[in-house]
Number of protein chains: 2
Amino acid sequence: MDSESHRPRQVGRGAKVRDAVHAATLAELVEKGYAALTVEGVALRAGVHKTTLYRRWADRESLVADALADLSAMDVPIPDTGSIESDLRELARSLVRMMTAPKGRALLAAMFSGAADVPGVAEARRQVFDDRFRRAEPVVARAVERGELPEGTDPSELLKALAAPVYFRLLVTGDPVDEITAERAALLALAAARAGALRRR
Amino acid sequence: MDSESHRPRQVGRGAKVRDAVHAATLAELVEKGYAALTVEGVALRAGVHKTTLYRRWADRESLVADALADLSAMDVPIPDTGSIESDLRELARSLVRMMTAPKGRALLAAMFSGAADVPGVAEARRQVFDDRFRRAEPVVARAVERGELPEGTDPSELLKALAAPVYFRLLVTGDPVDEITAERAALLALAAARAGALRRR
DNA sequence: GCTGTAACGCAACTTGGAGTTGCAATGGAT
DNA sequence: ATCCATTGCAACTCCAAGTTGCGTTACAGC
């Protein structure tokens, strides 16, 4: 607890180094992936000596985990526009924005280049997926109540149908992901839901 | 060229070793991923000495690439049942079968744990995705001609909509992927296409 | 502006897996 | 039974991870 009170000194240098290292780690993740990320490479890019990294972070995994730590800063509010169409569009757009931002791209790079089971990365994944999905489910529930979607529409299935095309392009094909992708994903999920293809089993 | 004629001897031992090493490589890929795959680990599992691997394969990358080489054996015929619904169902089912089979799981593990840019792996990916997608496009074209789908439906978009939920579960969530997944993916893609959400822009 | 101390730079380690080499042992085809 | 390609084995080099001891720098407080 209160780490501020008994170590009030030397915050300037430390903070600068930490930020530089975080930025360097994210950049290396995006450029080379986790497998090819070396501690010396990060140190060099951050303009810092290797030993300094090992004094502040336990190992390579901690380094990456910490750089990805506060994904909560990227967390977006859940829309409630009164229309399922614009709600879904908004959800898709913020997903695209998140995953094309540097931190999102670094998270993807980490998760899909060998760091999937690193504790910190797995936690970041949970934060971005599970939590976000759970928080978005009321959007679907409200649409069902308003009669915009068929009774029995599965919120989880609909949200997965919304996100799947975006991730498919990000991970499998390598097609550009932009607002048009979000738009089409929203329309696709909406059409399927209206047709009753996303009902609870 | 004719490698059979001037090296007719010693095929028995070599073939046995090759098969054992291939199997061991695929197993290690699935269990640990590419990043954590060690040559000594493969050698140990295959019951073979490390040096033997380095004499038959140039390096770790070649080892993995060769183990994944003949994905053509997994290639499935393109359905033409006369109905887009059963065609899509069949496509989704064979996709699920392919990706839950040992070789498919190993391919996924290789592609998404650090070996994405290894030449042989990239080629296998191309073979499984691009080629297969291109070959499946006539299925959609025929359905449009039959009037089952709206004019202007984009074959590529429809096939991506079909595959996306499957890969989403395989790669992002870790939900089980089975016939039900295939069924739902087919219904989802079909509903979206019928609603005109997958038209060419 | 001076000083004390925490944080940093530096060099020299150990460890472990990739990849190599020379030589001895083995086993299948003839 | 013999031959020789293939395999087993041990002893290497190389590189990045991670560690340690000590000298150096730069900020906080006075």
Side-chain angles (χ1 to χ4, degrees), chain A residues 3-25 28-29 31-67 110 113-115 117-120, chain B residues 3-25 28-29 31-67 110 113-115 117-120:
Chain A
S3 55
E4 317 292 280
S5 59
H6 67 296
R7 285 181 56 211
R9 304 171 63 172
Q10 299 290 114
V11 290
R13 194 156 50 147
K16 243 181 177 174
V17 168
R18 202 193 59 230
D19 292 349
V21 170
H22 277 175
T25 304
E28 292 279 308
L29 267 180
E31 284 183 21
K32 312 185 183 176
Y34 179 77
L37 179 146
T38 81
V39 175
E40 295 196 5
V42 171
L44 201 68
R45 184 190 279 254
V48 161
H49 201 269
K50 181 180 73 163
T51 327
T52 300
L53 297 193
Y54 279 111
R55 272 196 267 267
R56 291 171 137 275
W57 292 276
D59 49 21
R60 202 174 61 137
E61 296 192 354
S62 307
L63 181 64
V64 170
D66 191 52
S113 63
D117 47 357
V118 172
Chain B
S3 55
E4 319 290 280
S5 58
H6 66 296
R7 284 183 55 210
R9 303 171 65 171
Q10 297 293 112
V11 290
R13 192 156 50 149
K16 242 182 176 173
V17 169
R18 202 194 58 230
D19 293 348
V21 170
H22 278 174
T25 304
E28 292 279 308
L29 267 179
E31 284 183 21
K32 314 186 183 173
Y34 179 76
L37 178 145
T38 80
V39 174
E40 294 196 4
V42 172
L44 201 69
R45 185 191 279 253
V48 161
H49 202 268
K50 180 179 74 163
T51 326
T52 301
L53 297 193
Y54 279 112
R55 276 198 265 268
R56 291 169 139 275
W57 292 276
D59 48 24
R60 202 174 60 138
E61 296 192 353
S62 307
L63 181 64
V64 170
D66 192 51
S113 65
D117 48 358
V118 172

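Each chain gets a letter, A, B and so on, in the order the sequences are listed, and its residues count up from 1.
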**Request:** Specify the separation, in whole Å, of atom NZ of B:Lys16 and atom C1' of D:dA5.
**Result:** 17 Å
**Prompt:** What are the two closest non-hydrogen atoms of B:Leu37 and B:Thr25, and how far apart are they?
**Reply:** CD1-O, 3.9 Å
**Message:** What is the separation between atom CG on A:Asp59 and atom P on D:dT19, rounded to the nearest whole Å?
**Reply:** 8 Å
**Request:** Please report the closest heavy-atom contact between B:Ala67 and B:His22, naming both atoms and the distance.
**Result:** CA-CD2, 3.7 Å
**Fill in**
Heavy-atom closest pair (B:Gly114 atom, A:Ala35 atom, distance to 0.1 Å) is CA-CB, 4.2 Å
**Request:** Would you mind reading off the distance between A:Asp19 atom CG and C:dC8 atom C1', rounded to a whole angstrom?
**Result:** 17 Å
Within the sub-3.5 Å range, which N or O atoms of nucleotides 10-17 of chain C have a protein N or O partner, and how far apart are they?
| residue | atom | partner | partner atom | Å |
| --- | --- | --- | --- | --- |
| C:dC10 | N4 | A:Thr51 | OG1 | 3.1 |

**Fill in**
Minimal heavy-atom distance between B:Ala46 and B:Ala20, with the atoms involved, is CB-O, 3.8 Å
**Item:** Atom-to-atom span, CG of B:Leu53 to C1' of D:dT6 - whole angstrom
**Value:** 13 Å
**Message:** Expressed as a whole number of angstroms, how long is the span from B:Arg56:CZ to D:dA5:P?
**Reply:** 15 Å
**Asked** Nearest to the side chain of A:Tyr54, which nucleotide is it out of C:dC8, D:dT7, D:dT19?
**Response** D:dT19
**Message:** Could you measure the distance from the OG1 atom of B:Thr51 to the CZ atom of B:Arg56? Nearest 0.5 Å is fine.
**Reply:** 13.5 Å
**Message:** Determine whether a donor-acceptor pair (N or O, by modelled atom type, separation under 3.5 Å) exists between the side chain of A:Arg60 and the backbone of A:Tyr34.
**Reply:** yes
